[in-house]
Amino acid sequence: MASPINPSRIRTINDHPHRDGTVVYWMGRDMRSQDNWALLFAQSLGMKYKLPLAVVFVLMPEFLDATERAYRFILKGLEETERSLQQKGIPFYLLLGRPEEEIPKFVRQHNVSKLVTDFNPLNIVRSYKKTVAARIDAAFYEVDAHNIIPAWTVSDKQEFGAYTIRPKVHRMLPEYLEEYPPLRKHPYPWPSPVPATDWQKADRSLKIDRSVKEAGWIVPGETSARNALQTFLKERFAGYDTDRNDPTLNSQSNLSPFLHFGHLAPQRVALEVLSLSGRPIREIVDKEKNGSAANRGSDAALLEELIVRRELADNFTFYNTDYDSVLGFPNWAKITIAEHRGDAREYLYSREQFEHGATHDPLWNAAQRQMVVTGKMHGYMRMYWAKKILEWTASAEEAMAVAIYLNDRYELDGRDPNGYAGIAWSIGGVHDRAWFERPVFGKIRYMNYNGCKSKFAVDEYIRRMNELK
Ligand SMILES: Cc1cc2nc3c(=O)[nH]c(=O)nc-3n(C[C@H](O)[C@H](O)[C@H](O)COP(=O)(O)OP(=O)(O)OC[C@H]3O[C@@H](n4cnc5c(N)ncnc54)[C@H](O)[C@@H]3O)c2cc1C
């Protein structure tokens, strides 16, 4: 079978002459069996060289402040993915421990000659991938199965903002926004018996905080993700363009947890949006270029967030390894923050006070409560929430640390490039421009309570969040 995949989606980490053995897809960021370019590429290698194929996931005992909430989402999703893979003749191995040890061991034990993994720009993942690469004697490939246009293709540098990446995305989208080929039944059987996955043992292996419980409103897994997409498209999509910034309306897609854990491919979302809207991508892109923001339509608005903004966040974390610190801010922001370092703060709160939603501001506390209880704060409130952390801490360094800690701990979609980029935008002007100077913020864009009041029914939002159980 010729590779069904645009070769630019693939990067070679270790080149290695062909030898027989097995092919393994080390699944990381993209936890799904369907619409997965990394898995499709691994299968194409298996087909080409007539080799067996397996999928491996390494469950780490802890990961970047993730709690039981995130881990249960992962484990339940993987249970479904294992079943789907088995139906295709592809065994699934859940390894417990650290990738640096577990993957090289697996490669040796199972005579893996070709290892494929998915792309993830986060530092921690890049670091253990590098160690794995040095420890294995096999070809090793990385496939961007998350972005529609591979992160290394859309741009070769850190972009200044949406306005600089957008033309590149729009130019390349028609080539990359293609339908996925199906995953086929794999014809070459795995050479050794595959142990049944012990999901309970996996759960027991975790060294995580169990006090942050699962979110009741969302069911993990590929099927649930596709159902959630269809429900959104049928019931709420029409109002997305006009209503998504009102936190009292349920007008966002609520897909971010599925996209973050890879239960759903952004490319699938884009394809379904296009099929519903009936407009060709070129027309939407042209309208985006020419038309005003007010009348672009829900299709253009969603594709802007899903593709331009999301892929911009991947671009930021890919090219700026300081994405989670003030060192990653643009120079103008570093300067203005330094100039206002000594400004008196009207309120100062500790991390614990923020965490318990114990500030003087009922709107901020309500947003914090939404995140703690549901695992998903409304998108508009996230900006206000992070900017107030800058206003009410002693320094931008502290603000970054507090915001990242809370975001990564409570948000189902946390520990994601979107989170680091969103926080760096709010606190450090990343992807933004300088605004009018004011105390504490300097030239960083400011948001306040009255601004929110003019946009949505603040009291109603507060009331609803206070009723959350
Ligand atoms: C301070 C702050 C923290 C954030 N933390 C996260 C996070 O941890 N994880 C996360 O996925 N997003 C984060 N975002 C971005 C955005 O708020 C969420 O992606 C969005 O609210 C998720 O809800 P949804 O899926 O219903 O969004 P929708 O509005 O339905 O959008 C669909 C998809 O488009 C993408 N998207 C939407 N808005 C943005 C954006 N501003 N930047 C990048 N991609 C976007 C997401 O993948 C989202 O799932 C953060 C933003 C800010 C300002």
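Numbering of ligands and ligand atoms starts at 1, following listing order.
Every atom of ligand 1 is numbered from 1 in the order shown, and the set under 4.0 Å from a heavy atom of Gly379 is 17 (O), 21 (O). Atoms of ligand 1 lying under 4.0 Å from at least one heavy atom of Arg310, given by number and element, are 43 (C), 44 (N), 47 (O). Set against the non-hydrogen atoms of Ala386, the atoms of ligand 1 under 4.0 Å away are 1 (C). Residue contact check: Ser426 has heavy atoms under 4.0 Å from atoms 1 (C), 53 (C) of ligand 1. Shown in contact with Gly414 at under 4.0 Å from a heavy atom are these atoms of ligand 1, numbered in order with element: 8 (O).
Aromatic pair Phe57/Trp26: ring centres not closer than 6.0 Å.
Across every non-hydrogen atom of Trp217 and Pro257, the tightest pair is CH2-CG, 4.2 Å.
Looking at His378 next to ligand 1, no N or O pair under 3.5 Å apart turns up. Annotation: Asn407 places an N or O atom under 3.5 Å from an N or O atom of ligand 1; distance criterion only. When only interatomic distances are considered, the shortest N/O to N/O separation between Leu302 and ligand 1 does not fall below 3.5 Å. Taking only nitrogen or oxygen atoms, main chain and side chain alike, Tyr240 reaches within less than 3.5 Å of ligand 1. For ligand 1, the polar-atom distance check finds no N/O of Arg415 at less than 3.5 Å from any of the ligand's N/O atoms. Residue Asn254 has at least one N or O atom closer than 3.5 Å to an N or O atom of ligand 1. Of the N or O atoms in Trp385, none lie within a sub-3.5 Å distance of an N or O in ligand 1.
The option from Ile423, Asn418, Leu264 that lies nearest to atom 19 (O) of ligand 1, judged by heavy atoms, is Asn418. Of the listed options Met381, Gln252, Met377, Arg382, Arg382 places a heavy atom closest to atom 6 (C) of ligand 1. Considering only non-hydrogen atoms, atom 5 (N) of ligand 1 lies nearest to Gly419 out of Ala228, Gly419, Pro257. Counting heavy atoms only, Leu259 comes closest to atom 33 (C) of ligand 1 of the residues Leu255, Leu259, Leu312. Closest heavy-atom approach to atom 45 (C) of ligand 1 within the set Met383, Glu305, Met371: this belongs to Glu305. For the residues Arg244, Arg236, Lys376, the heavy atom positioned nearest atom 24 (P) of ligand 1 is part of Lys376. Among His260, Arg309, Lys387, the residue whose heavy atom lies nearest to atom 42 (N) of ligand 1 is Arg309.
Heavy-atom separations between Ala313 and ligand 1 are all 4.0 Å or longer.
Both the sub-6.0 Å distance and the 45° axial angle are satisfied by Arg11 relative to the ring of Trp152.
One finds the CG atom of Leu274 at 9.5 Å from the CZ atom of Arg279 (value rounded to the nearest 0.5 Å).
Between His263 and Phe261, the ring planes lie tilted relative to each other; the angle falls in the 30° to 60° range.
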